[in-house]
Amino acid sequence: MSVKHQAPRGTRDLLPDETPLWRWAEAAARGVLERYGYGEIRTPMFEDYELFARTAGESSDVVQKEMYRFTDLGERQLALRPEFTAGVMRAWLESGLGGRARVHRLWSAGPVFRYGRPAKGRYRQFSQLNCELVGSAAPGADVEMITLFVDLYEAWGFRDLIVLVNSVGQPASRRAYGERLREVFAPHREALSADSQQRLETNPMRILDTKDEKDLALLATLRANNALPTLLDSIDEADRAHWDAVLAGLEAAGVRYEVDHGLVRGLDYYTRTAFEVHDRSLASQSALGGGGRYDGLIEMLGGAPTPGVGFAIGMDRTLLVLQQRGIQAASGDVVCLVAMEGTRAAATALARELRREFTVECDVEARGFSAQMKTAGKSGARFLVILGEDEWARGEVALKDSRTGTQQTLARIGLADALRALTQETWKQGEAL
RNA sequence: GUGGGUGUAGCUCAGCUGGCAGAGCAUCGGGUUGUGGUCCCGAGGGUCGGGGGUUCGAACCCCCUCACUCACCCCA
């Protein structure tokens, strides 16, 4: 098996046995989004490099080492989108949406690109479902976002979901908190892992979600002595009030959440509320989705100060979990036509007619009767319509239900009616369950 | 990006110390040109991920490379 080309590293093909689950999940999501009153916005898959570099933060990992950056033939500096929000906000500004109404509810879906070492659940091209609520600074907006976030997962069958929430405050308070952490850890520098000593310089908040045993032990000791401040202790009064209101709103909405003091988002533009959902079954790539508030972003892009909240859901990982749980998209009944030597021509016409209403398979290779029957059996077709020469001459066909094994002979004229009645019958039975 | 592991038929995998590439499942055909998914018989299918090296001889040993995977990093 040595083919000349393979899919580029970190990309993959979704084959026909997988796409039904994707379509089902996408359809379920669209239903929820519609009922929440969100409108779809489609933006380019690439934008000016600077747009992403500035909004995500020059020092962020995404910008430092994960961007698909390129120069086009016109010498433009561009990048494949590593996330949706920056592009959506650019479109919002450029189209003047902000002037038409104060609040906008937007969603997008499609591929995003990040250059990183691939692993199960981490791809260089992956798919996100993205939502934004632009124009409201109210805690209720955060609550609606998180509620929508959870309801999407519930529409996909998740029941045991817990949202991790935190407040990352303002950039200034975040910096101040970082300094406080440096002071706290400085005396224990030698006790930290090499990674964390590095983080002490670059991003001390990352020490809080270390996986190193030594680090964890130190953190536990510090906590026990009340020597470890939390980010929540460092945020200002307004942020604190916002945070309390968000939690109260989540309680009221009946959303299960857990406060995670170590939760920090990877992009610099986040303010106040941050949230994520994880699934343990995905090993090291456990984040299924996350989001937060980005009150400074639009101003950063040259717009009037405008608040916003949003989230992104990683579809690949989410569907990976669904597949692991054995969830399959329901498929409809299939009708398979089986023709004889003298009825092949008639079968093509009948197939065409039935396909106005039913899913119909029909042999195109003029294969023998027995071969067609074998194929029909393996295909899982619910109904077999056998066009025997004698019956056909009398204007009749045989209809076999492979679920029960029963077979009846009926007038060709009444075939569609009979199929309709049988499929509706099973549909009703399904409803009863 | 760092460190490990794995690549043999469409799939899951055997293949001993270097000596003619195998099995099961799947596919196709036949047994059965008017009743399948059971059974029986048969067939096709491989540059052993790719390139180089060592050797009389390499799936096996060495180097490089590509891909996947696990743990980190980071996140979706």
Side-chain angles (χ1 to χ4, degrees), chain A residues 1-12 15 17 56 60-66 81-85 109 111-130 193-196 198-199 202-203 206 209-212 263-267 274 276-279 282-291 311-321 336 338-344 363 365-392 397-403 405-407 409:
Chain A
M1 187 243 350
S2 170
V3 283
K4 280 219 175 74
H5 296 286
Q6 313 174 246
R9 182 163 160 87
T11 70
R12 59 190 184 138
L15 302 181
D17 57 350
S60 67
D61 273 46
V62 170
V63 174
Q64 290 274 309
K65 48 185 196 188
E66 294 182 347
R81 63 183 176 205
E83 57 119 14
F84 273 95
T85 306
V112 288
F113 306 84
R114 284 183 208 175
Y115 188 91
R117 186 154 174 176
K120 188 177 179 187
R122 175 160 69 183
Y123 307 100
R124 290 179 172 178
Q125 173 180 330
F126 57 104
S127 189
Q128 281 192 341
L129 173 65
N130 187 264
S193 65
D195 273 347
S196 287
Q198 179 65 35
R199 285 187 276 231
T202 56
N203 193 351
R206 284 287 172 209
D209 47 18
T210 181
K211 284 164 192 163
D212 184 273
L263 177 58
V264 188
R265 305 281 305 157
L267 306 174
E276 274 178 19
V277 152
H278 292 257
D279 187 286
L282 284 181
S284 68
Q285 309 302 328
S286 66
L288 293 184
F311 64 76
I313 291 175
M315 294 300 288
D316 304 78
R317 287 180 188 176
T318 300
L319 293 208
L320 223 42
V321 173
C336 186
V338 179
M340 309 287 167
E341 211 45 65
T343 57
R344 283 192 216 286
D363 174 62
E365 296 180 302
R367 298 197 307 151
F369 178 82
S370 158
Q372 289 183 60
M373 286 301 285
K374 278 184 184 165
T375 302
K378 282 169 197 152
S379 84
R382 166 82 192 279
F383 299 107
L384 302 186
V385 174
I386 298 160
L387 285 71
E389 285 155 350
D390 297 342
E391 293 95 321
W392 188 256
V397 295
L399 173 59
K400 184 165 184 174
D401 186 335
S402 62
R403 197 175 294 174
T406 56
Q407 181 170 329
T409 302

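Please read these numbers as outputs of a predicted model, since none were measured by experiment. Quick note on labels: first sequence line is chain A, next is B, and so on, each numbered from 1.
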query: Are any of A:Arg117's side-chain N or O atoms less than 4.0 Å away from OP1 or OP2 of B:rC73?
result: no
Classify [X] by what it touches in the nucleic acid, base, sugar-phosphate, or nothing, heavy-atom distance under 4.0 Å.
X	value
A:Gly10	sugar-phosphate
A:Arg199	sugar-phosphate
A:Gly121	base

Nearest whole Å is fine: how far is [N] [atom2] from [X] [atom1]?
X	N	atom1	atom2	result
A:His278	B:rC75	NE2	C1'	9 Å
A:Gln125	B:rA76	CD	P	17 Å
A:Ile313	B:rC75	CD1	C1'	15 Å
A:Phe126	B:rA76	CZ	C1'	5 Å
A:Leu15	B:rC11	CG	P	11 Å
A:Glu83	B:rC75	CD	P	13 Å
A:Leu288	B:rC75	CG	C1'	12 Å
A:Arg9	B:rG49	CZ	C1'	14 Å

Whom does [N] pair with, Watson-Crick or G-U wobble, provided both distances fall under 3.5 Å?
N	result
B:rG22	B:rC13
B:rU33	none
B:rG57	none
B:rU6	B:rA67
B:rC72	B:rG1

Criterion side chain to side chain contact (heavy atoms under 4.5 Å, CB included) on A:Met340 and A:Ile386, from CA distance to verdict: CA-CA 8 Å; A:Met340 309 287 167; A:Ile386 298 160; 3.9 Å; yes
task: Report the residues that fulfil side chain to side chain contact (heavy atoms under 4.5 Å, CB included) with A:Val321, sequence neighbours left out, ordered by chain and then residue number.
output: A:Phe158, A:Asp279, A:Ser281, A:Leu282, A:Leu288, A:Arg325
- prompt: Using atom P of each nucleotide, how far apart are B:rG15 and B:rC56 to the nearest Å?
  reply: 28 Å
task: Pick the P atom in B:rC16 and in B:rC62, then give their distance to the nearest Å.
output: 15 Å
side-chain contact (heavy atoms from CB on, under 4.5 Å) partner of A:Lys400, chosen from A:Leu384, A:Thr406, A:Val338, A:Val385: A:Leu384
message: On RNA chain B, compare the nucleotides closest to A:Val264 and A:Gly116; which residue's is nearer the 5' end?
response: A:Gly116
- prompt: Starting at the 5' end of RNA chain B, which residue's closest nucleotide do you reach first, A:Tyr115 or A:Arg122?
  reply: A:Tyr115
query: What residues, two or more places apart in sequence or in another chain, satisfy ring pair (Phe, Tyr, Trp, His ring centres under 6.0 Å) together with A:Phe311?
result: A:Phe149
task: Summarise protein proximity over nucleotides 28-38 of chain B in one line of letters, 5' to 3': B for base, S for sugar-phosphate only, - for none, counting protein heavy atoms closer than 4.0 Å.
output: SSBB--BBBB-
message: So which atom in A:Ala287 and which in A:Arg317 form the shortest heavy-atom distance, rounded to 0.1 Å?
response: O-NH1, 2.8 Å
message: Measuring from the side chain of A:Ser286 (C-beta onward, heavy atoms only), which nucleotide among B:rU69, B:rC75, B:rC74 has the closest atom?
response: B:rC75
